[in-house]
Protein chains: 2
Amino acid sequence: MAKKVQKPTDASTEEKIREAARKLFTQKGYASVTTREIAEEAGINLALLNYYFRSKEKLFLQIMEESMQQFIQGVVVLFNDENTSMDEKIDKLVSNYIDMLISYPDLPLFILSELRSNSNKLAMKLDSQIGLARSTFIRQIQEAMRAGKIPEVHIMHIIANMMAMMVFPFVASPLLKKIGHVNDKQFMELMQERKKLVPVWIKAMLKAR
Amino acid sequence: MAKKVQKPTDASTEEKIREAARKLFTQKGYASVTTREIAEEAGINLALLNYYFRSKEKLFLQIMEESMQQFIQGVVVLFNDENTSMDEKIDKLVSNYIDMLISYPDLPLFILSELRSNSNKLAMKLDSQIGLARSTFIRQIQEAMRAGKIPEVHIMHIIANMMAMMVFPFVASPLLKKIGHVNDKQFMELMQERKKLVPVWIKAMLKAR
DNA sequence: AATATTTTTAAACAAATGATTAAATTGTTT
DNA sequence: AAACAATTTAATCATTTGTTTAAAAATATT
């Protein structure tokens with residue numbers, strides 16, 4: 001009979017496993033990571049993984065839930081700020097979000113990859129994001145459209161374009177480094193630059209017709 | 001001793017395997033696909049996979065090479081057209097490339113995912129793309145920058161932005177469908193729309209300051 | 001200190017997986 | 001038709017992989 005963890009004890013073993021799993025899953029994806037790899041990376045006995053998390057999949061789902069939350073958490077808050085204009089939101093959002101991506105550059109490709117193979121299992125976790133379409137920010141854009149300040153297009157285009165400008169470089173970094181002849185350091189400097197450039201580009205796009 | 005295929009015979013068996021492998025690898029990634037799955041999808045005996053391709057990895061590398069070529073093939077040709085202006089190239093490129101992506105929507109996420117986990121093995125295959133940075137199109141952009149028609153930014157930003165606007169929606173389709181409340185059919189219609197919208201947005205971005 | 005509980009360990013299990021073998025079948029050449 | 005080569009098949013092999021077990025060690029409770 002499976003034992004329950006009644007005391008978090010040091011929390012250290014459980015957390016060591018979680019951290020090792022997060023690192024490896026994020027780098028290589030669920031299917032490419034073995035439980036033995038995780039155990040070794042965490043410096044613990046293999047059986048402890050199942051003792052604390054029951055199965056590789058349960059462990060993965062925990063990691064995935066945290067990762068998806070991190071992926072959208074910052075967005076949701078900023079999207080619903082009632083006290084800032086549309087343009088101010090764009091500035092803040094892009095800067096904060098690119099900062100997050102610089103800290104966790106492998107996060108988006110991990111999430112998008114797993115979302116493809118496991119869309120069924122992870123469908124529920126997406127529900128939290130449905131609200132985005134009715135956020136203050138989206139309403140501000142739609143109002144600007146009705147007022148004729150911005151050409152009318154399907155809101156999905158806007159969301160796609162904004163995400164694309166922020167996220168895509170991190171998803172395609174190996175490709176972009178090769179094509180653009182930039183090394184890792186230069187790449188990160190360019191990502192820093194984008195914190196100021198992307199808002200300019202997005203605003204220009206929004207008004208373009 | 002491994003036998004060599006001396007006659008392509010019907011080419012049908014070999015091609016059936018290749019097609020099944022392409023489909024499955026593209027959908028689920030290298031690590032999630034088993035040789036038995038490929039054999040079943042192809043409707044052939046398991047041993048034939050090794051008879052024709054020696055190993056799962058050799059088969060994968062063949063598929064990957066073809067996929068990467070398809071991913072950039074259209075771009076290279078258009079990028080080097082001497083007889084079109086920068087703006088004309090943008091129109092053609094976007095329209096053709098999005099058409100390709102509509103036909104093979106899983107291609108980009110597949111390539112970008114495998115490029116992450118296997119960057120070492122696939123590094124060589126990327127060399128063919130290095131030339132992109134010295135194409136006619138890139139030179140036209142750089143001339144427009146020197147002429148002051150376009151603000152000066154690192155060329156990687158331009159490449160990243162253009163790729164992002166074309167590719168990202170296909171990489172993030174499950175997410176965008178959820179957030180934007182669009183079904184598969186509507187999504188494809190929106191992608192068709194983008195063939196005309198993205199060039200407008202890109203041109204606006206290029207000039208933005 | 002004695003006892004119970006929780007955590008850790010080494011070993012093993014069963015299933016899955018990539019690959020191979022040897023025989024059978026099909027096709028080609030002479 | 002006979003002989004040879006190429007292709008296909010079923011069975012098997014050796015590892016790998018996720019998971020479990022039972023005992024030992026560490027920690028907490030009485």
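Per chain, numbering begins at 1; letters A, B, ... match sequence-line order.
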In whole angstrom, what separates [X]'s [atom1] from [N]'s [atom2]?
| X | N | atom1 | atom2 | answer |
| --- | --- | --- | --- | --- |
| E57(A) | dG18(D) | CD | C1' | 12 Å |
| N50(B) | dT12(D) | CG | C1' | 14 Å |
| L49(A) | dG18(D) | CG | P | 9 Å |
| F53(A) | dT20(D) | CZ | C1' | 18 Å |
| L48(A) | dA25(D) | CG | C1' | 12 Å |
| L59(A) | dT17(D) | CG | C1' | 15 Å |
| I17(B) | dT8(D) | CD1 | P | 8 Å |
| Y51(B) | dT7(D) | OH | P | 4 Å |

Checklist entry - Centre of Y30(A)'s six-membered ring, under 6.0 Å away, within 45 degrees of the axis: is that where NZ or CZ of K56(A) sits? => result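 Yes, K56(A) sits over the ring of Y30(A).
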
Checklist entry - For K92(B), does its backbone N or O pair with a side-chain atom of Y97(B) as donor and acceptor, under 3.5 Å? => result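 Judged by distance alone, no pair lies under 3.5 Å.
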
Next on the checklist: For K28(A), is there any backbone N or O sitting under 3.5 Å from a side-chain donor or acceptor partner on S32(A)?
Outcome noted: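 Between the backbone of K28(A) and the side chain of S32(A) there is a qualifying donor-acceptor contact (under 3.5 Å).
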
Checklist entry - ring-ring contact (aromatic ring centres under 6.0 Å, His included) with F187(B): which residues, sequence neighbours excluded? => result none

Item to check | N-O pairing of K89(B) and D81(B) below 4.0 Å | outcome: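 Judged by the 4.0 Å cut-off on N to carboxylate O distance, K89(B) and D81(B) do not form a salt bridge.
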
Checklist outcome for this item: In numerical order, the residues of residues 33-47 of chain A whose heavy atoms come under 4.0 Å of DNA chain D are V33(A), T34(A), T35(A), R36(A), L46(A), A47(A)

Next on the checklist: With a 4.0 Å limit, can you tell me whether T13(A) has a side-chain N or O closer than that to the phosphate oxygens OP1/OP2 of dT7(C)?
Outcome noted: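 So the side chain of T13(A) is outside the cut-off, no N or O lying under 4.0 Å from OP1 or OP2 of dT7(C).
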
Next on the checklist: Does either side chain, that of R134(A) or that of N80(A), offer a donor lying less than 3.5 Å from an acceptor on the other one?
Outcome noted: no

